[in-house]
Amino acid sequence: MKVLIMSDSHGLTQEISMITDRHKQEVAAMIHCGDSELERKNPLMEDFLAVRGNCDYDDAYPDDFVENIAGKRFFLTHGHLYNIKMTLMNLAYKSEEIGADIICFGHSHAAGSEMIDGKLFINPGSIRQPRGRMEKTYAILEIGAKLEIIYYDLEGKIVEELRNAYQTE
């Protein structure tokens, strides 16, 4: 089972459409971790589980969202309300409180994944303004015997240095 994760597209539409068209047949769910800057009713956002970022002004987006996908409990947030640019501790506390297995967030525009205390934290980076790398990135999480996170650039090429696999318990 695969899940597409993106964040911080900041008004881009062609790129969201291109990524969606490229992967929609292979993924079971699509997540946007905020700062789309598009209205919730925008057709590009209709297939996404999406949250509100600090640059989103449509109250139709929730600040946080919990969803069960492929037997895993996902916690989705943008990250600005949890001070993620300084620490993941607040996000870790919240994920513990709600029993999340996988935490998806954005805000920092820095792509990366990390397993902390048996919980997978995923930041897909930004498809508009990446920080820390040149590539504009999004991610696909494959849920199976292990959790494999694969990052892609806008052209759909795998960013090998960011690829990770984590054992599930």
Shared hydrophobic cluster, Ile69 / Ile102 (ILVMFWY, side-chain heavy atoms < 4.5 Å): yes
Show the nearest heavy-atom pair for residues Tyr61 and Ala50, with the distance to one decimal. CE2-CB, 3.6 Å
Are more than 12 heavy atoms, taken from residues, nucleotides or ligands other than Gln14, located less than 6.0 Å from that residue's CD atom? no
Taking atom types as modelled and ignoring hydrogens, do the side chains of Asp47 and Thr20 form a donor-acceptor contact shorter than 3.5 angstrom? no
As a quick check of understanding, evaluate side chain to side chain contact (heavy atoms under 4.5 Å, CB included) for Phe65 and Ile31, giving each step before the final call. CA-CA 10 Å; Phe65 194 81; Ile31 293 170; over 6 Å; no
Using only atom types and a distance under 3.5 Å, with no angle test, would you say the side chain of Arg73 pairs donor to acceptor with the backbone of Ser95? no
Looking only at non-hydrogen atoms, find the nearest pair between Asn123 and Gly106 and report the distance. ND2-O, 3.3 Å
When clusters are formed by joining ILVMFWY residues with side-chain heavy atoms under 4.5 Å apart, either directly or through shared neighbours, do Ile143 and Leu162 land in the same one? yes
Residue list, side-chain contact (heavy atoms from CB on, under 4.5 Å) with Asn90, at least two apart or on another chain: Tyr82, Asn83, Thr87
My understanding is that only residues two or more places apart in sequence, or in another chain, count here; which of them pass salt bridge (charged side-chain N to carboxylate O under 4.0 Å, His left out) with Lys24? Asp21
Let me see the working for Lys72 and Leu147 under side chain to side chain contact (heavy atoms under 4.5 Å, CB included), right down to the final yes or no. CA-CA 11 Å; Lys72 300 291 182 189; Leu147 300 173; 4.3 Å; yes
Could you list the residues that satisfy side-chain contact (heavy atoms from CB on, under 4.5 Å) with Glu135, not counting sequence neighbours? Arg133, Thr137, Asp153, Val159, Glu161
Applying salt bridge (Lys or Arg N to Asp or Glu O under 4.0 Å), which residue pairs with at least one partner in residues 108-121 are found, sequence neighbours left out? Glu96-Lys119
By the rule that ILVMFWY residues connect when side-chain heavy atoms come within less than 4.5 angstrom, directly or transitively, which residues belong alongside Met134? none
Minimum-distance pair of heavy atoms, taken over all atoms of Ser36 and Asp56: N-OD1, 3.2 Å
Heavy-atom pair with the smallest gap, counting every atom of Asn164 and Ser113: ND2-OG, 3.5 Å
Looking at His78, His10, His80, which hits ring pair (Phe, Tyr, Trp, His ring centres under 6.0 Å) with His109? His10
d(Leu81 CG, Phe105 CZ) to nearest 0.5 Å is 13.5 Å
Name all pairs fulfilling the salt bridge (Lys or Arg N to Asp or Glu O under 4.0 Å) condition that reach into residues 4-14, sequence neighbours left out, sorted by first residue then second. none
Joint cluster assignment, Val51 & Leu49, ILVMFWY side-chain distance < 4.5 Å: yes
Ignoring hydrogens and geometry beyond distance, is a side-chain donor-acceptor pair present between Tyr138 and His23 at under 3.5 Å? yes
So with a 6.0 Å cut-off around NZ of Lys146, is the heavy-atom count from everything else above 12? no
Reported OG1-to-CE distance for the pair Thr13 and Met45, which is rounded to 0.5 angstrom: 12.0 Å
Over all atoms of both residues, closest heavy-atom pair of Leu38 and Ile16: CD1-CD1, 3.9 Å
Do Tyr152 and Met30 belong together in a cluster built from hydrophobic side chains that touch within less than 4.5 Å? yes
Is it the case that over 12 heavy atoms from other parts of the model lie below 6.0 angstrom from the CE atom of Met1? no
Honestly curious: do Ile127 and Leu44 fall in one hydrophobic cluster under the side-chain, below-4.5 Å linking rule? yes
